[in-house]
Amino acid sequence: MKNILPLLCALALIAGGCAGLRGTKAPASAGPTASDQAMQYFVKAKVFEAQHNYLGAIVALRNAADLDSTSPTIYARLAYNYQRINDPHMAVHFALKGLALDGSQVGLRRLLIRILESEGEREDAIDHIEELLRYEPDNWPLYRHLAYLYFETGQPERVAPLFKEVLAQEHIPPEVKVDIAGIFSRINQQKEAERIYRRVLAADPMVEAAWLGLAELKLAQGHRHEAIAIYREAAGHLPDSSVPYHLARLMLTERDLEDILVEEGAEVLYHLGVALSEAGQYDQATLVFKRIVEMQPQTVEQWTDLARHYIYLEDYDSATAVLSQAAEAMPDSSEIYLYWGTALESTERYDEAIAVYQRGLERLPDAVEIYLYWGLALEQQDAWADAIEVYSQALAASPGHAALHVRWGISLGRQGQWEDALAQYETAASLDPAYSPTFLHWGIALEELEHWEVALEKLNQAVALANDKSRVLFYLGACYEQASRKLGRDEYFDRAIETFQRLLEIEPNDAYALNYLGYMYADKGVRLTEAVALLEKAIALEPDNSAFLDSIGWAYFRLGELAQAEQYLQQALEQMDEGDPEEQAVIFDHAGDIASALGKMDEARAHWQKVLELAPDNEEVQRKLLP
């Protein structure tokens with residue numbers, strides 16, 4: 001038995017399992033059906049598609065179709081894959097076979113329509129769009145597509161019945177009706193188009209496109225005055241829309257405005273005036289704005305837009321007159337006083353601007369922004385002590401504003417009172433620890449006092465808090481560079497490079513950052529090729545900047561390319577700003593060094609003499625002039 005039992009088990013396994021030992025005969029195993037095999041080929045095709053192997057997918061799908069010719073899905077996938085290998089003939093063949101089995105495959109029918117159109121088979125495409133509409137009767141773009149093909153195939157007479165069929169449907173959106181009206185107007189059925197526009201507007205006068213379409217229809221018919229009347233009616237419903245801009249387009253002369261100025265309300269006139277101004281029709285805009293002033297605008301925006309119109313025309317007296325009336329009409333609006341004051345400042349009428357701010361504060365004694373603008377106007381005149389007095393008054397009236405303390409600190413610094421400025425920044429930080437300008441100006445003050453470590457700490461805090469980091473990064477980078485020279489710490493020079501590189505990632509076209517970093521390399525005598533590239537980019541942005549020209553000249557000097565260096569320094573001297581003696585001294589010093597290197601000693605001494613006229617205590621230049 002030991003020898004026979006393994007043999008019996010083996011035979012049982014071959015027959016279908018050990019169950020045969022219990023006297024039950026296993027049924028013969030059935031092979032896979034054609035449907036199963038077709039599914040296996042279909043799965044293979046999906047794998048090939050995922051690998052973008054569309055030929056492999058086609059072979060698998062053709063095998064699947066041979067095994068199962070009743071599957072619309074297999075034919076659909078064949079159509080898609082033939083389309084992907086740019087074989088439109090076979091794609092159409094299999095798409096038709098798939099649709100013959102299941103006409104509800106809208107995706108497949110869309111594919112077929114696209115291929116037929118691309119092959120110029122527009123008539124066939126029309127048949128399939130008409131069939132598709134049976135499944136998607138509410139698909140408006142499909143109707144448009146069909147109408148386009150009717151035109152393309154010379155069957156415009158089929159367009160009107162098609163759209164009348166659409167209009168007969170319930171719940172058609174107004175935008176579809178407006179679109180249909182536009183098509184009717186293009187096929188010379190203007191009466192039908194007008195009827196549709198007017199029905200839409202009767203149901204909802206806020207449909208802007210219907211007003212515009214109706215007015216354009218009248219213009220196309222040569223009825224300009226009717227178009228103007230339609231735009232005017234539309235503007236009454238939709239003053240803050242594109243309608244006033246279309247109306248402005250038709251206001252060619254002052255006569256066109258006569259009835260409008262008399263009959264329309266202030267809101268319509270306001271938007272019309274803005275539209276006329278933006279269209280460059282300034283004479284007509286001025287007439288409209290004068291009429292609005294007579295009617296008294298109702299909002300701050302309307303008053304300031306009136307003034308803006310006159311400022312654009314450089315009619316500052318009229319702008320001032322309008323803003324004066326605005327302040328009388330709306331005496332409790334700080335925006336009016338601020339706009340009026342800044343408008344006067346833009347023409348350097350600082351005393352008048354200050355008078356406006358004072359007038360505003362008489363009415364609104366707690367308006368901190370007005371105090372700030374008043375102080376800034378004084379700063380523009382270098383009236384630092386007066387500005388401090390204003391900030392002091394503001395804090396007495398409304399204490400606790402960090403920005404006022406910061407401006408106070410800046411004004412103290414401009415007078416050289418850096419230690420006193422620090423106290424203001426400290427107070428500002430206690431009031432608002434998240435106010436970035438506090439730490440920026442605190443760092444600048446500490447830098448002036450050469451408290452380098454603390455200055456860098458404050459500037460890093462400013463960077464962390466700032467929304468616009470680029471400006472603060474510039475001051476931080478400059479402080480690192482200054483500290484590296486003053487303290488002889490190379491790691492600060494490296495941090496300066498990192499900071500300017502970070503800035504340039506944010507603002508790659510910051511010309512001043514490009515110049516600063518390039519000059520750092522040039523002055524240090526390192527990475528000189530990179531320095532020239534940075535400085536060339538800076539000069540491309542500001543070609544007449546004398547500081548930039550000096551920097552690149554100095555970089556070429558460091559490279560030993562003296563002719564190039566001399567050329568740029570000559571340009572720097574020609575473009576030099578006489579208002580900055582420190583910059584002038586640097587440029588003359590560099591020009592002297594380059595002339596000396598070229599053996600032009602008389603020229604070099606003349607340049608160095610200029611340096612001492614600007615900076616008599618410059619010991620290094622004094623040594624250069626020794627015999």
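Quick note: residue numbers are just sequence positions, from 1.
A pairwise comparison of heavy atoms in Y337 and P331 identifies OH-O, 3.0 Å as the closest pair. The heavy-atom pair separating A462 from S436 by the smallest distance is O-OG, 3.1 Å. Considering all non-hydrogen atoms of both residues, I172 and K177 come closest at O-CE, 3.4 Å. When all heavy atoms are compared, the tightest approach of V243 to A234 is CG1-CB, 3.7 Å. F42 and A64 get closest at one heavy-atom pair: N-CB, 4.3 Å. Counting all heavy atoms, side chain and backbone alike, S185 lies closest to G182 at OG-O, 2.6 Å.
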- Task: Please step through salt bridge (Lys or Arg N to Asp or Glu O under 4.0 Å) for the pair K46 and E49, ending with a clear verdict.
- Result: CA-CA 5 Å; K46 296 296 288 183; E49 286 180 12; 3.7 Å; yes
- Item | Trace of the salt bridge (Lys or Arg N to Asp or Glu O under 4.0 Å) decision for E131 with R134 | CA-CA 5 Å; E131 183 65 22; R134 291 179 51 214; 2.3 Å; yes
- ring pair (Phe, Tyr, Trp, His ring centres under 6.0 Å) evaluation trace for Y512 with F548: CA-CA 8 Å; Y512 287 87; F548 297 0; 5.2 Å; yes
- Task: Determine, stepwise, if the pair E130 / R158 fulfils salt bridge (Lys or Arg N to Asp or Glu O under 4.0 Å).
- Result: CA-CA 12 Å; E130 289 173 340; R158 300 182 67 180; 2.7 Å; yes
- Task: Show your reasoning for whether side-chain hydrogen bond (donor to acceptor under 3.5 Å, both in side chains) applies to T33 and D36.
- Result: CA-CA 5 Å; T33 66; D36 292 337; 3.1 Å; yes
- Verdict with reasoning, R249 to E216, per salt bridge (Lys or Arg N to Asp or Glu O under 4.0 Å): CA-CA 12 Å; R249 180 166 51 96; E216 290 300 315; 2.8 Å; yes
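A side-chain N or O of Y54 and one of H52 form a donor-acceptor pair less than 3.5 Å apart. Side-chain contact check for Y245 and E278: at least one donor-acceptor pair (N or O, by modelled atom type) lies under 3.5 Å. When only modelled atom types and interatomic distance are considered, Q155 and T153 share a side-chain donor-acceptor pair under 3.5 Å.
Within 6.0 Å of the OH atom in Y150, the count of heavy atoms belonging to other residues, nucleotides or ligands exceeds 12. Atom OH of Y75 sits in a crowded spot, with more than 12 heavy atoms from other residues, nucleotides or ligands closer than 6.0 Å. A 6.0 Å sphere centred on NZ of K469 holds more than 12 heavy atoms belonging to other residues, nucleotides or ligands. Counted within 6.0 Å of CE on M39, heavy atoms from surrounding residues, nucleotides or ligands total 12 or fewer; the atom is thus considered open. For R199, the CZ atom is loosely surrounded, since the number of other residues' heavy atoms within 6.0 Å does not exceed 12. The neighbour count for E254 CD, taken as heavy atoms of other residues, nucleotides or ligands under 6.0 Å away, does not exceed 12.
Not less than 6.0 angstrom separates the ring centroid of Y270 from the ring centroid of W303. The aromatic ring centroids of H237 and W211 lie less than 6.0 Å from each other.
Checking side-chain atoms of R224 against main-chain N and O of L250 turns up a donor-acceptor pair under 3.5 Å. A side-chain donor-acceptor contact under 3.5 Å links D256 to the backbone of T253. The backbone N or O of Q221 sits nowhere less than 3.5 Å from a side-chain atom of Q190 that would complete a donor-acceptor pair.
Counting only residues at least two apart or in different chains, side-chain hydrogen bond (donor to acceptor under 3.5 Å, both in side chains) contacts with residues 320-335 comprise D332-R363.
From H93, atom NE2 reaches atom CG of L112 across 12.5 Å, with rounding to the nearest 0.5 Å. Between atom CG of residue L111 and atom NE2 of residue H128 there is a gap of 11.5 Å, rounded to the nearest 0.5 Å. Distance check, rounded to the nearest 0.5 Å: CG of L473 to CD of E505 gives 10.0 Å. Going from atom NZ of K97 over to atom CG of L108 covers 13.0 Å, rounded to the nearest 0.5 Å. With values rounded to the nearest 0.5 angstrom, F48 atom CZ is found 10.0 Å from L61 atom CG.
Side chains of V178 and Y197 form a contact here, defined as non-hydrogen atoms less than 4.5 Å apart.
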